[in-house]
Novice: 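My structure is below; once you've seen it, I'll send some questions.
Chain A is the first sequence line, chain B the second, and so forth, proteins listed ahead of strands; every chain is numbered from 1.
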Number of protein chains: 2
Amino acid sequence: MAQKDTVDRILNAAEALFAERGFAETSLRTITSTANVNLAAVNYHFGSKKALIQAVFVRFLEPLSDTLSDQLDTVEEEGKEMLLDDLLDLLVAAVTSAHGNDVNRTASFMRLLSLAYTQSQGHLRDYLRERYGRVSNRYISMLRPACPQLSDKALFWNTHFALGAAVFSLSNYDALQAMHNDDTGEESPIREVIKRLLGFISAGVPVTLE
Amino acid sequence: MAQKDTVDRILNAAEALFAERGFAETSLRTITSTANVNLAAVNYHFGSKKALIQAVFVRFLEPLSDTLSDQLDTVEEEGKEMLLDDLLDLLVAAVTSAHGNDVNRTASFMRLLSLAYTQSQGHLRDYLRERYGRVSNRYISMLRPACPQLSDKALFWNTHFALGAAVFSLSNYDALQAMHNDDTGEESPIREVIKRLLGFISAGVPVTLE
DNA sequence: GTATGTTTCAAACAGGTGTTTAAAGCGCTC
DNA sequence: GAGCGCTTTAAACACCTGTTTGAAACATAC
């Protein structure tokens, strides 16, 4: 009871602080004092700071991975063909619904994902790939029938271009929105940005050189 | 003589190490020992670690900014209309030529850019925006006649989707290439990836909701 | 050759880091 | 109520961080 409380408080604080500042820039003392727990609690419950970082990701990715797996199962069972846009919508739905439809938490998630790619000295990326590579590969291979003209290579790179566009724009959503608002006075709610992003991606993914 | 030597050695080491590990994860002791200079040299020549980080970016961006400005000048003087693909090619040429056509250095540059967005607690992003906002806005506004159907808002977001795709895929080029190679055994030279990227971007940027 | 201004150097500084320790506190069963 | 396992606590650990210092080395000009 008390244990679960402490663990969750640490995870909540760590998640928010990591997303805000990055891993190395966030000390255990900042995390534990934000979470109102003792400094030693992190090492007691998680073992190390590295393990805490991984735990934050697991808490984020586990429900997403489950939701996505289930959805892919039903798609496969039903056997009806999915267009590219259908598959993109499915992914967006999985990502947002996996965390209670809280778009801000989705932005946090994107920020963490971006940090995982840029900040980790390998250990995180390897860990995530080992743990969630199957689901992501499964999703990507479902794109194949939706884009029959693409070679494997083109499909691989195009999906990662799309991932980059999504991760970058959503993880920096606040800063970009502020920038755009400074320049033009216009507002862009995140839902609208996601719609634009989907249009951008769905135009780019089917493109091939061959 | 000796000064310029020391300064350059520090900048070279810092640039490579920052791109590899990030700012917070790279200590001055690592930088100075890699550069074979005394630890105090950084604070003597640059003043602080923050100032060193900025100097690394300035050395990267100053030639790019100059090259791009010149090219935009000639485009404006000639007055001939530029298609989207022309403008994209122009940008790629400016980025690569600004650093002696060394594609690896371009990848480093992208990695630093990505770090500037994710790792900085504001100071770096503000500094870069203040210093290079004019050129980048000028370039973006040149896209306007090439995409007349786009609203300002659509143009803003689409260009940042494109920036995200570019920054993400090129800054993680090594890791992505290794990943793809593991799975399929295929190689993707960086020049080919850039070509694919340009196709992806040029399909996505003109898309609009309106 | 002496004086001057710049650069290098080893050493120390104060402060922050992740982690460990041993004692204290707690809830539980017997 | 004693005993036991789990959790929390304050303190200390050893180490690493960016920065500063004052003396030494250097190059240059008179």
Novice: Quick one: pull up NE2 in A/H99 and OG1 in A/T67 and give me the separation to the nearest 0.5 Å.
Specialist: 8.0 Å
Novice: Compare the minimum distances between each of C/dT8, D/dA10, C/dA10 and the side chain of B/A40, then state the nucleotide with the smallest one.
Specialist: C/dA10
Novice: Tabulate atom names and distances for all N/O pairs under 3.5 angstrom spanning the protein and nucleotides 24-27 of chain C.
Specialist:
none

Novice: Walk me through it: do A/V58 and A/R131 pass the test side chain to side chain contact (heavy atoms under 4.5 Å, CB included)?
Specialist: CA-CA 9 Å; A/V58 167; A/R131 186 149 181 165; 3.7 Å; yes
Novice: Could you state the CG-P distance from B/N38 to C/dC9, rounded to the nearest angstrom?
Specialist: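 Going from B/N38 (CG) to C/dC9 (P), I get 5 Å.
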Novice: List the steps, then state whether side chain to side chain contact (heavy atoms under 4.5 Å, CB included) holds for A/I190 with A/N104.
Specialist: CA-CA 9 Å; A/I190 194 165; A/N104 287 341; 5.6 Å; no
Novice: Please report, rounded to the nearest Å, how far the C1' atom of D/dG18 is from the CD1 atom of B/I53.
Specialist: 12 Å
Novice: With a 3.5 Å cut-off and no angle check, do the side chains of B/R129 and B/N137 form a donor-acceptor pair?
Specialist: no
Novice: A/N43 has a side chain; which of D/dT20, C/dC9, C/dT20 sits nearest to it?
Specialist: C/dT20
Novice: With the threshold set at under 4.0 Å for non-hydrogen atoms, list the residues of residues 27-35 of chain B touching DNA chain D in residue-number order.
Specialist: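 Nucleic-acid contacts, sorted: B/S27, B/L28, B/R29.
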Novice: Taking NZ from A/K49 and C1' from C/dT17, how many angstroms apart are they, rounded to a whole number?
Specialist: 8 Å
Novice: Please work out which of the three classes, parallel, tilted or perpendicular, describes the rings of A/H160 and B/F168, given edges at 30° and 60°.
Specialist: parallel
Novice: With a 4.0 Å cutoff (strictly under), does any side-chain N or O of B/T6 reach OP1 or OP2 of C/dT8?
Specialist: yes
Novice: Rounded to the nearest 0.5 Å, what separates atom OH in B/Y44 from atom CG in B/N38?
Specialist: 12.5 Å
Novice: Measuring from atom CG of A/L198 to atom CZ of B/F161, what distance do you get when rounded to the nearest 0.5 angstrom?
Specialist: 8.5 Å
Novice: Got a sec, which residues hit side chain to side chain contact (heavy atoms under 4.5 Å, CB included) with A/V95, two or more places apart in sequence or on another chain?
Specialist: A/L64, A/L91, A/T106, A/F109
Novice: Please state how far atom CZ in A/R21 lies from atom P in C/dT17, giving the value in whole angstrom units.
Specialist: 10 Å
Novice: Could you tell me the separation between the NE2 atom of B/H45 and the C1' atom of D/dT20, rounded to a whole number of Å?
Specialist: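 Distance check: B/H45 NE2 to D/dT20 C1' gives 16 Å.
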Novice: Measure the shortest side-chain to side-chain distance between B/L124 and B/F23 over non-hydrogen atoms and say whether it is less than 4.5 angstrom.
Specialist: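 They are in side-chain contact.
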Novice: Starting at CG of B/D5 and ending at P of D/dA27, how long is that distance when rounded to a whole Å?
Specialist: 13 Å
Novice: Please give, in whole Å, the distance from D/dA11 C1' to A/Y44 OH?
Specialist: 19 Å
Novice: Please determine, for the side chain of B/L39, which listed nucleotide (D/dT8, C/dC9, D/dT19) has the closest atom?
Specialist: D/dT19
Novice: For A/N36 and D/dT8, what is the distance between atoms CG and P respectively, to the nearest whole Å?
Specialist: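 It is 13 Å, rounded to the nearest whole Å.
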